[in-house]
Amino acid sequence: MRPLDLAAVTLPRLEREMAGLSPVHARRLWQTVHRELTPELSGPAHFQPPLRRWLEGNAVALTAPEVARVIRSEDGWTRKFLLRLADGQTVETVLMGYPGRFTACLSTQAGCAMGCVFCATGQAGFTRHLTTGEIVAQVLHCQRELRRDGRGRLRNLVLMGMGEPLHNYDNVMTALEIVTDPRGGNLGPSRISISTVGVVPGIRRLAEERRPYNLAVSLHGASEADRAALVPVSQRWPLHELMASCRHYTATTGRKIFFEWTLIAGENDTVDQARQVAELLRGIPAHVNLIPLNPTAGYAGTAASESSAHGFQRILREEKIPSTIRQRRGLDVAAGCGQLRARAGES
Ligand code: SAH
Ligand code: SF4
């Protein structure tokens, strides 16, 4: 039988696993993992005897990946970790921030099956889903780092690292339930953003289940053909179905959607395309994030120029669509998703 991964259980599940014991012990163990951030469970001596006995008599583990590599940005505020999982797979977690407010960017899969042409993770293909424990462990790792250097707390989470979160829906949702539990890590659900390539059934499910997180949809193309050229899964979930699921999401939840647009020179950075975006998003509460492409080894495209990014934004502004041009912060830490792993030659 596989050991019970303490990073992967919700507190109610842990209480069920520890049935017969006072819930005080489950709570104590949970807080050791999520508040004290203990990296391993070699039986802290200060546990009470019933809890110690339970730990001795049950197969439990605590996922804590090994740090294979760390790269720090020149300004010191961004750190990118290459984490090695138990089976040797590696994933990236990025911790970025300013004093007092840090954001962790998490991976949800080893590789990705969606194959977006400009993405280093997509170029490498899919290996497997991350477990709930492997997703939670990335948060715990960042919390430990922040505690160690005393620079502040983790405030925001973005699921924009390697992999497609809505392709690993159940593990991602359980992980988010765990890290937002007020009795544990207590991260604010409204400070968590899930970025999807446009997995339509997942977007519908998020809405139906009233999940309290922010949604970002990676758009990149505003016509069926333009989008499918960059995002092959657009053939499976065409743009018109994607937009219908976005309308359903905003109508059901009352939330706006963030749309991600990777700006590629000569590909999707024209004024014409900006007008098409405005047309596509009409009636949807939206915010557009414009992100200049980070060049990758497997794709010949280059980043849009600053002037075309501003030109694109000007059109959106005229059409009353709010947008932000995302700074290329942390470019010096091999910023784009999957790029550190690609550079390290790891799988
Ligand atoms: N799979 C999800 C989340 C991970 S990718 C998704 O696709 O949304 C997070 C974001 O990074 C996406 O918007 C993706 O399009 C973008 N991205 C991937 N590779 C990039 C690159 N080389 N340059 C700029 N943005 C990139
Ligand atoms: Fe996967 Fe997102 Fe990369 Fe596309 S951009 S290949 S969905 S990780």
A.B. asks: Determine, for E15 against R27, whether the closest basic-nitrogen to carboxylate-oxygen distance falls under 4.0 angstrom.
C.D. replies: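 Answer for the salt bridge query: no.
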A.B. asks: Can you check whether F81 reaches V94 side chain to side chain, under 4.5 Å on heavy atoms?
C.D. replies: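 No. Closest side-chain heavy atoms not under 4.5 Å.
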A.B. asks: Can I325 be reached from V271 by stepping across I, L, V, M, F, W or Y side chains whose heavy atoms are under 4.5 Å apart?
C.D. replies: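 Per the 4.5 Å side-chain linkage, V271 and I325 are not co-clustered.
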A.B. asks: Shortest non-hydrogen contact from A175 to I135?
C.D. replies: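 It is CB-CG2, 3.6 Å.
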A.B. asks: Nearest 0.5 Å, please: how far is SG in C142 from CG in L106?
C.D. replies: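 Spacing of CG (L106) from SG (C142) equals 7.0 Å.
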A.B. asks: Side-chain contact test, heavy atoms from C-beta onward, threshold under 4.5 Å: evaluate it for L280 versus L239 and give yes or no.
C.D. replies: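 SC-SC contact between L280 and L239 confirmed.
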A.B. asks: Rounded to the nearest 0.5 Å, what separation is found between the CZ atom of F102 and the CG atom of L146?
C.D. replies: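 Going from the CZ atom of F102 to the CG atom of L146 covers 5.5 Å.
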A.B. asks: Does the side chain of N186 come within less than 4.5 Å of D181's, by heavy atoms?
C.D. replies: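 The answer is no; the side chains never approach within 4.5 Å.
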A.B. asks: For E306, I'd like to know if atom CD has over 12 heavy atoms of other residues, nucleotides or ligands within 6.0 Å.
C.D. replies: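 Count not over threshold, so no.
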A.B. asks: For H287 and T324, which I'm curious about, is there any donor-acceptor pair between the side chains at under 3.5 Å?
C.D. replies: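 Checked: H287/T324 side chains pair up, N/O donor to acceptor below 3.5 Å.
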A.B. asks: Is any side-chain N of the basic residue among E279 and R275 closer than 4.0 Å to the acidic one's carboxylate O?
C.D. replies: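 No, this pair does not count.
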A.B. asks: Establish, yes or no, whether the cationic atom of R151 lies under 6.0 Å from the six-membered ring centre of W77 and within 45° of the ring axis.
C.D. replies: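 Yes; both conditions hold, so R151 lies above the ring face of W77.
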A.B. asks: For the hydrophobic clusters of this structure (ILVMFWY residues joined by side-chain heavy atoms under 4.5 Å, transitively), does one cluster hold both V67 and L62?
C.D. replies: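 Cluster IDs for V67 and L62 match.
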A.B. asks: How long is the gap from OG1 on T262 to CG on D269, to the nearest 0.5 Å?
C.D. replies: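 Going from the OG1 atom of T262 to the CG atom of D269 covers 12.0 Å.
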A.B. asks: Do T63 and D5 have a side chain donor and acceptor closer than 3.5 Å?
C.D. replies: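 Result is yes, a qualifying pair exists.
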A.B. asks: Could you tell me whether the side chain of T174 reaches within less than 4.5 Å of the side chain of R13, counting heavy atoms only?
C.D. replies: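 No; the side chains remain at least 4.5 Å from each other.
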A.B. asks: Quick one: closest heavy-atom pair of S195 and S218, and the distance?
C.D. replies: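 Reported closest heavy-atom pair: OG-OG, 3.6 Å.
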A.B. asks: Any donor-acceptor pair under 3.5 Å linking the side chain of Q89 with the backbone of A110?
C.D. replies: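 Here the side-chain-to-backbone pair does not exist.
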A.B. asks: Under a 4.0 Å threshold between the charged nitrogen and the carboxylate oxygen, would R53 count as salt-bridged to E56?
C.D. replies: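 Looking at R53 together with E56, the answer is no, because their closest N to O distance does not fall below 4.0 Å.
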A.B. asks: Answer yes if M243 and V199 sit in the same cluster of Ile, Leu, Val, Met, Phe, Trp and Tyr residues linked by side chain heavy atoms under 4.5 Å apart, and no otherwise.
C.D. replies: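 Yes, M243 and V199 fall within the same hydrophobic cluster.
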A.B. asks: Give, for atom NE2 of H167 and atom OG1 of T108, the distance between the pair rounded to the nearest 0.5 Å.
C.D. replies: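 H167 atom NE2 to T108 atom OG1 measures 10.0 Å (nearest 0.5 Å).
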A.B. asks: Please assess T302 against I264 for the test side-chain contact (heavy atoms from CB on, under 4.5 Å), listing each intermediate value before the final yes or no.
C.D. replies: CA-CA 6 Å; T302 54; I264 308 167; 5.9 Å; no
A.B. asks: Are any non-hydrogen side-chain atoms of I203 and T196 less than 4.5 angstrom apart?
C.D. replies: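 A side-chain contact under 4.5 Å exists here.
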A.B. asks: Using the side chain to side chain donor-acceptor pair (under 3.5 Å) rule, take H220 and E260 through it: C-alpha gap first, then chi angles, then the decisive distance, then the call.
C.D. replies: CA-CA 7 Å; H220 311 313; E260 313 271 285; over 6 Å; no
A.B. asks: Could you measure the distance from the NZ atom of K256 to the SG atom of C246? Nearest 0.5 Å is fine.
C.D. replies: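 Between K256 NZ and C246 SG, I get 14.5 Å after rounding to 0.5 Å.
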A.B. asks: Working to the nearest 0.5 Å, report the span between CG of N156 and CD1 of I192.
C.D. replies: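 With rounding to 0.5 Å, CG (N156) is 9.0 Å from CD1 (I192).
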A.B. asks: Any idea which heavy atoms bring A309 and L263 closest together, and the distance?
C.D. replies: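 So the minimum-distance heavy-atom pair works out to CB-CD1, 3.7 Å.
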A.B. asks: Please check if any side-chain donor atom of E177 sits under 3.5 Å from a side-chain acceptor atom of T10, or the reverse.
C.D. replies: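 No, no side-chain donor-acceptor contact under 3.5 Å.
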A.B. asks: Any side-chain heavy atom of T93 sitting closer than 4.5 Å to one from R79?
C.D. replies: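 Heavy-atom side-chain distance check fails, nothing below 4.5 Å.
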A.B. asks: How close do L154 and T103 get, counting heavy atoms only, and between which atoms?
C.D. replies: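 So the minimum-distance heavy-atom pair works out to CD1-C, 3.9 Å.
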A.B. asks: Can you find a side-chain donor-acceptor pair between E164 and H129 that sits under 3.5 Å?
C.D. replies: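 The answer is no; no qualifying pair exists.
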A.B. asks: Can you see whether S234 engages R227 through a side-chain donor-acceptor pair at a distance of less than 3.5 angstrom?
C.D. replies: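 Yes.
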A.B. asks: Any non-hydrogen side-chain atom of I194 less than 4.5 Å from a side-chain atom of N214?
C.D. replies: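 A side-chain contact is absent here, since even the closest heavy-atom pair is not under 4.5 Å.
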A.B. asks: Is a donor from one side chain sitting under 3.5 angstrom from an acceptor on the other, for Q273 and N268?
C.D. replies: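 Looking only at side-chain atoms, N268 and Q273 do not form any donor-acceptor pair under 3.5 Å.
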A.B. asks: Using side-chain contact (heavy atoms from CB on, under 4.5 Å), reason through W261 and L290 one step at a time and then give a plain yes or no.
C.D. replies: CA-CA 5 Å; W261 189 275; L290 300 166; 3.9 Å; yes
A.B. asks: Between N58 (side chain) and L55 (backbone), is there a donor-acceptor pair under 3.5 Å?
C.D. replies: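 Not confirmed, N58 side chain does not pair with L55 backbone.
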A.B. asks: Is there a path of hydrophobic side-chain contacts, each under 4.5 Å between heavy atoms of I, L, V, M, F, W or Y residues, that connects V277 with I315?
C.D. replies: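 Cluster IDs for V277 and I315 differ.
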A.B. asks: For the backbone of Q109 and the side chain of S107, can you confirm whether one donor and one acceptor N or O come within less than 3.5 Å of each other?
C.D. replies: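 Checked: no pair found.
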A.B. asks: Can you check whether P238's main-chain N or O pairs, donor with acceptor, with E241's side chain at less than 3.5 Å?
C.D. replies: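 No, the answer is negative, given that no donor and acceptor are paired below the 3.5 Å cut-off.
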A.B. asks: Tell me whether V172 shares a hydrophobic cluster with L83, the cluster being built from Ile, Leu, Val, Met, Phe, Trp, Tyr side chains joined at under 4.5 Å.
C.D. replies: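 Hydrophobic grouping puts V172 with L83.
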A.B. asks: Looking at side-chain heavy atoms only, is the closest gap between T180 and Y213 below 4.5 Å?
C.D. replies: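 Side chain of T180 against side chain of Y213, heavy atoms only: contact under 4.5 Å found.
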A.B. asks: Using a cut-off of 6.0 Å, state whether more than 12 heavy atoms not belonging to R35 lie near its atom CZ.
C.D. replies: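 For R35, atom CZ is crowded (more than 12 foreign heavy atoms under 6.0 Å).
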A.B. asks: Looking just at side-chain N and O atoms, do S73 and D75 make a donor-acceptor pair shorter than 3.5 Å?
C.D. replies: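 D75 and S73 do have a side-chain donor-acceptor pair below 3.5 Å.
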A.B. asks: Looking only at non-hydrogen atoms, find the nearest pair between S245 and V200 and report the distance.
C.D. replies: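 In this case the closest contact between S245 and V200 is CB-CG1, 3.9 Å.
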A.B. asks: Which pair of non-hydrogen atoms, one from E92 and one from L82, has the smallest distance, and what is that distance?
C.D. replies: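 Shortest heavy-atom contact: CG-CD1, 3.9 Å.
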A.B. asks: Donor-acceptor pair, T296 side chain versus F118 backbone, under 3.5 Å?
C.D. replies: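 Checked: pair present.
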A.B. asks: Verify the distance criterion only: is there a donor paired with an acceptor across the side chains of E208 and Y249 at less than 3.5 Å?
C.D. replies: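 Looking only at side-chain atoms, Y249 and E208 do not form any donor-acceptor pair under 3.5 Å.
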A.B. asks: Before you tell me yes or no, could you show the steps for V288 and I321 under side-chain contact (heavy atoms from CB on, under 4.5 Å), namely the whole-Å CA-CA distance, both residues' side-chain angles and the distance that decides it to 0.1 Å?
C.D. replies: CA-CA 7 Å; V288 177; I321 296 179; 3.8 Å; yes
A.B. asks: Ignoring hydrogens and angles, tell me if any N or O in the side chain of R191 forms a donor-acceptor pair with the backbone of R155 under 3.5 Å.
C.D. replies: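 Between the backbone of R155 and the side chain of R191 there is no qualifying donor-acceptor contact (under 3.5 Å).
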A.B. asks: Does the distance from a Lys or Arg side-chain N to an Asp or Glu carboxylate O, for R144 and E36, drop under 4.0 Å?
C.D. replies: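 So R144 does not pair with E36 through a salt bridge.
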A.B. asks: What do the steps show when you test H25 against W54 for side-chain contact (heavy atoms from CB on, under 4.5 Å), and what is the final call?
C.D. replies: CA-CA 9 Å; H25 298 300; W54 185 85; over 6 Å; no
A.B. asks: Picking from L14, L6, I178, T38, what satisfies side chain to side chain contact (heavy atoms under 4.5 Å, CB included) with V33?
C.D. replies: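 Among the candidates, only L6 passes.
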A.B. asks: Is it true that H240 and E224 share a donor-acceptor pair across their side chains at a distance under 3.5 Å?
C.D. replies: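 Present: a donor and an acceptor within the cut-off.
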